[in-house]
2 protein chains.
Amino acid sequence: MATKARRTPRRTDALSRELIVETATQILDADGEDALTLRALTGRLSTGYGALYHHVANKGDLLAAAADDVIARAMTDVATDAEPRETLRALALSLFDAINAHPWIGAQLSQGPWQPALLEIYESIGEQLQALHIPEQALFDSAGALMNYILGVAGQNAANARVRADKGVDRTAALAAVAAQWARLDPARYPRLHKAAARLGEHDDRRQFLAGIDLFLAGIETVHGQGEDD
Amino acid sequence: MATKARRTPRRTDALSRELIVETATQILDADGEDALTLRALTGRLSTGYGALYHHVANKGDLLAAAADDVIARAMTDVATDAEPRETLRALALSLFDAINAHPWIGAQLSQGPWQPALLEIYESIGEQLQALHIPEQALFDSAGALMNYILGVAGQNAANARVRADKGVDRTAALAAVAAQWARLDPARYPRLHKAAARLGEHDDRRQFLAGIDLFLAGIETVHGQGEDD
DNA sequence: ACCTGAACACCGTTCAAGT
DNA sequence: ACCTGAACACCGTTCAAGT
């Protein structure tokens with residue numbers, strides 16, 4: 001008896017959580033957050049919903065796993081053999097760049113900050129601050145604040161990138177639009193913004209992010225440090 | 001001829017954008033982000049979808065307006081007659097508290113940072129930093145970094161609160177769970193986290209947030225300041 | 001001008017049924 | 001054990017029709 005023709009060709013190799021997460025990341029990177037639907041994923045993987053749900057708990061689990069992978073990869077790229085301040089800057093920039101390259105991570109960062117890769121970050125920041133001889137209680141606060149700053153700011157930045165991508169405008173055009181808006185503000189009510197409008201053209205998110213890191217480090221050393229150790 | 005009975009009683013007073021935003025905020029505060037559906041909103045307002053869409057562009061617009069209202073209200077509560085450092089701390093805490101009291105704002109903060117109320121924040125931070133005699137270019141960076149820190153960290157914090165609310169666990173229980181997880185980590189690989197587990201019980205998000213603000217301000221004054229002016 | 005609400009085009013998730 | 005895919009219970013949004 002003739003077998004019924006299959007609607008879709010069935011995949012021959014086994015599905016795995018890894019493959020699912022990897023494919024999800026590809027869709028997210030290529031077409032953005034909204035493009036990752038379970039329908040799109042079943043299509044791309046030539047499989048059904050049940051198969052996916054057999055390997056991941058739900059869509060949130062999938063997104064968290066994808067974000068965790070990217071963050072973990074960014075962390076292994078950081079050279080840790082340099083001087084502590086330099087290592088911290090490198091770590092911060094690596095995370096900033098990773099989050100900017102995969103803006104969909106932004107939404108995940110705020111979904112419970114105790115994912116595996118975040119442990120890595122916290123531990124690493126703690127290690128560098130300890131090398132700077134920050135006393136223990138201060139280290140606790142400083143590491144937390146620094147980590148919050150990095151993830152918070154990078155996340156905000158990624159969100160901006162996402163909004164720009166959705167609207168289809170590039171960074172320069174978006175900045176010009178904001179500058180025009182600020183320039184239109186009442187100089188009596190918003191004197192600083194009105195003035196800052198002229199300077200927005202030279203604004204660089206990455207540089208400003210790093211400037212913030214430096215201010216933070218300067219603050220940490222001023223308040224808690226025992227001076228330079230080189 | 002008898003008029004057909006109405007399915008639902010029609011509202012007698014006119015609808016307004018203000019009333020819609022206000023009602024949305026009530027639903028968000030009472031029952032969380034997921035509870036705000038357009039269906040719930042039409043029900044509560046005894047109206048139809050078209051009526052809502054006549055006053056707001058879409059759901060995103062509605063959420064942005066609600067968040068903007070709360071932030072604006074938090075800003076007007078800040079006393080600005082104190083010393084600049086104190087005013088900045090008060091401003092930061094007021095925003096932190098507002099975002100924590102309305103955790104759904106967190107998701108909005110990252111949806112394009114140029115909403116009206118954010119202008120107010122930036123202007124106010126700039127004003128206080130100027131009073132601290134920070135030179136202009138440094139002021140640009142410092143104000144941006146400070147604003148990013150405040151919104152980023154408060155947003156992260158609100159997200160944690162949201163996750164806790166969804167899972168129905170209180171803060172103490174959540175902290176205890178994290179502490180247990182950290183304690184289980186390999187002390188060789190995560191020495192600092194393993195050790196920090198014991199200290200998590202005394203962790204206070206709000207205090208740590210403020211500690212970060214202080215480090216930031218110390219950094220700003222160290223790098224750019226001209227000493228105390230009092 | 002302002003509003004109604006059935007209908008549309010999607011979602012994520014479940015689950016009986018297959019191999 | 002692993003997978004299929006129709007079906008379910010939702011969404012946000014539209015739009016012809018009413019007043």
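Every chain is numbered from 1, with letters handed out A, B, ... down the list of sequences.
- Partners of A:Tyr122 by side chain to side chain donor-acceptor pair (under 3.5 Å), not counting sequence neighbours: none found.
- Using a distance-only test at 3.5 Å, with no hydrogens or angles considered, a donor-acceptor pair links the side chain of B:Ser94 to the main chain of B:Ala74.
- Other residues, nucleotides and ligands contribute over 12 non-hydrogen atoms within 6.0 Å of the CG atom of B:Asp186.
- In this structure, A:His55 does not reach the D:dC2 phosphate: none of its side-chain N or O atoms is under 4.0 Å from OP1 or OP2.
- Between B:Lys195 and B:Trp182 there is no side-chain heavy-atom pair separated by less than 4.5 Å.
- Against DNA chain D, the stretch residues 24-37 of chain B makes heavy-atom approaches under 4.0 Å through B:Leu36, B:Thr37.
- Side chains of A:Glu120 and B:Arg189 form a contact here, defined as non-hydrogen atoms less than 4.5 Å apart.
- Residue A:Glu18 qualifies as open at atom CD: its count of foreign heavy atoms under 6.0 Å is 12 or below.
- One interatomic measurement links the two molecules: CZ of B:Arg17 to C1' of C:dC3, which rounds to 18 Å at whole-angstrom precision.
- Two residues are said to be in side-chain contact when any heavy atoms from C-beta on lie closer than 4.5 Å; A:Leu146 and A:Ile213 meet this criterion.
- The salt bridge (Lys or Arg N to Asp or Glu O under 4.0 Å) contacts involving residues 56-80 of chain B comprise B:Arg17-B:Asp61, where partners must be two or more places apart or lie in separate chains.
- Residues satisfying the side chain to side chain donor-acceptor pair (under 3.5 Å) criterion with A:Arg192, sequence neighbours excluded, are B:Glu123, B:Gln130.
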Can you name the atoms? Protein N/O to nucleotides 13-15 of chain C N/O, anything below 3.5 Å, with the distance.
from: C:dT13; atom 1: OP2; to: A:Tyr53; atom 2: OH; distance (Å): 2.6
from: C:dT13; atom 1: OP2; to: A:Lys59; atom 2: N; distance (Å): 3.0
from: C:dT13; atom 1: O5'; to: A:Tyr53; atom 2: OH; distance (Å): 2.8

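- Ring pair A:Phe216/B:Phe216 is tilted by interplanar angle, where 30° to 60° counts as tilted.
- Listed by first residue number, the stems of DNA chain C with at least three Watson-Crick or G-U pairs below 3.5 Å are C:4-8 with D:12-16, C:12-16 with D:4-8.
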